[in-house]
2 protein chains.
Amino acid sequence: MGQDVRELLWGDAARPPRGRPAGLSREQIVAEAIAIADAEGLQKVSMKRVAERLDCGVMSLYRHVDGKEQLVALMHDTAIGPAPDLSADRGWREAVAEWARATRAYFLAHPWALPLVTEDRPVGPNEVSWLDQGLGALESTRLSGAERLAAVMVVNGFVRGGVQPEVQESYAGAQWFDFMADPRARERFPNTSALFADGSMSYETPELSFEFGLQVVLDGLERRIGDAA
Amino acid sequence: MGQDVRELLWGDAARPPRGRPAGLSREQIVAEAIAIADAEGLQKVSMKRVAERLDCGVMSLYRHVDGKEQLVALMHDTAIGPAPDLSADRGWREAVAEWARATRAYFLAHPWALPLVTEDRPVGPNEVSWLDQGLGALESTRLSGAERLAAVMVVNGFVRGGVQPEVQESYAGAQWFDFMADPRARERFPNTSALFADGSMSYETPELSFEFGLQVVLDGLERRIGDAA
DNA sequence: GCTAATTAGCGTAGACTATACGCTAAATCG
DNA sequence: CGATTTAGCGTATAGTCTACGCTAATTAGC
């Protein structure tokens, strides 16, 4: 029931008019799974929990979804949705910046997706549309295909890395305090403890850090691109 | 037995001379877990498998490790090891480049660590040393503390993002082919399908993509830093 | 050397997972 | 009215992690 990439991609649903009509739908299942993940985290998403929410038997889910792996992949592709349209004529720099900000907004809205995208997993059509828009943002430049791809991955990697401390307890939390509390930390981790001491690690203004990093990346791209479009 | 950060950080093992002596050690357990992950992937690492390799009962592991979560955290911190010493006087640019290349080498050697580092998890002392060295590489610059931190995270994010397609089947694999095989792909994902058509997505020369991205990031940093040290 | 204290090893059991199989119910087609 | 097709789902199986409590091995103090 639906590992067919074609159906997932192009929406050739083609509901067969024979047989018992479905009460459940894949969309409902995925939506409920996303709701659980948003509220309680990805690891609280189990087939049982999803079935309870939909008031159906656990095995009924498998009529609409191949298994948990596919369900999780669908969660991501559904939650991220189609990429924003960047075809406006603002020039590549602002287009890439918008792409980066939109990506960041997604991970802030659905923090559970962050570890997910690093996993080896099937890619969905919406995610492809994001890649496509990212590449499109660089269309006006004279970068080669491989360079454009590399550029999108630089931006994407930067966004993910920057969002992580915003989204996860451990980074901003008491963890650093434990490390830096020991007096020997000054000797062993001098740079980190200095940063910690002056409050630079508190992540109180994540937007500023993000914009700083973004401008760094864009500056680097601009130098490689040469001219602005 | 040992969620004590202190012991983990500073090696204050302080084996108590009373009681039955230990036949197992945390180091052995972690080493065996790493061996499994290297050979078969992280998800093949179970307490049972580790115990089998060590020829001991499953619950014996819990005398040396708090639980699976801590074990996995220890795997990463042990596998990555202490950061390379970058205190040579090559200037910040080459120091950051070395840091990035070393980070990439780690993920290539232990691909299972890639999804791991994106998870919300306890950070270990070796990982802190990497952060510290990364910050140290930028010591000669006039960047503020927060900016240095942001810079390290840009580089780190870039490395992770760039390594992912090198390490995972799905990215270089038949997945893209499925998407791009359909004639409608040209219309819906024009930029991606163009890249796919001319072979730019085959990831045949990952080093080149990596170096391209790295230079982009370094150029961006250089512009923010102004002078080279 | 004996006893108490301390620690390591680990078997059992419980509470979770995901999912393969096969049955039953509900719909349409001929 | 069958025959066919599909949906819903109960049961059972094979995993997972780990809390608890017992036994064994060692040392400290007497």
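Chain identifiers are assigned alphabetically (A, B, ...) following the order of the sequence lines, protein sequences preceding nucleic acid strands; residue numbering begins at 1 within each chain.
Across all strands, A:M59 comes closer than 4.0 Å to base atoms (heavy-atom distances).
Atom-to-atom, CD of A:E69 to C1' of C:dT17 comes out at 15 Å; the value is rounded to the nearest Å. Between the C1' atom of C:dC16 and the CD atom of A:E52 lies a distance of 13 Å, rounded to the nearest Å. For B:K68 and C:dC16, the NZ to P distance is 19 Å, given to the nearest whole Å. To the nearest angstrom, P of C:dA26 lies 15 Å from CZ of A:R63. In this entry the distance linking CG of B:L24 with P of C:dT7 reads 17 Å, nearest Å. In this structure, A:Y62 places its OH atom 6 Å from P of C:dA18, rounding to the nearest Å. Here D:dG8 presents its C1' atom at 11 Å from CD1 of A:I29, a figure rounded to the nearest Å. In this structure, the CD atom of A:Q43 is 20 Å from the P atom of C:dA15, given to the nearest Å.
The side chain of A:R18 lies closest to C:dC29 when the candidates are D:dC17, D:dT26, C:dC29. The side chain of A:M47 has C:dA18 as its nearest neighbour among C:dA18, C:dA26, D:dT26. The side chain of A:K48 lies closest to C:dT17 when the candidates are D:dC17, C:dG9, C:dT17. Taking every side-chain heavy atom of B:C56 into account, C:dC10 is the closest of D:dT18, C:dT17, C:dC10.
Considering only side-chain N and O atoms, A:S60 lies nowhere under 4.0 angstrom from the phosphate OP1 or OP2 of D:dG8.
Using a cutoff of 4.0 Å between basic side-chain nitrogens and carboxylate oxygens, A:R104 and A:E207 are scored as salt-bridged. The pair B:R184-B:E187 does not meet the salt-bridge criterion, since no charged nitrogen lies less than 4.0 angstrom from a carboxylate oxygen.
Using cut-offs of 30° and 60° on the angle between ring planes, the pair A:W112 and A:H110 is perpendicular. The aromatic rings of A:F179 and A:F189 stand perpendicular to each other, their planes meeting at an angle above 60°, with 30° marking the opposite boundary.
By the 6.0 Å contact criterion, CD on A:E52 is enclosed, its count of non-hydrogen atoms from other residues, nucleotides or ligands being greater than 12.
The base of D:dA25 lies outside donor-acceptor range of the side chain of B:R20, with no N or O pair under 3.5 Å.
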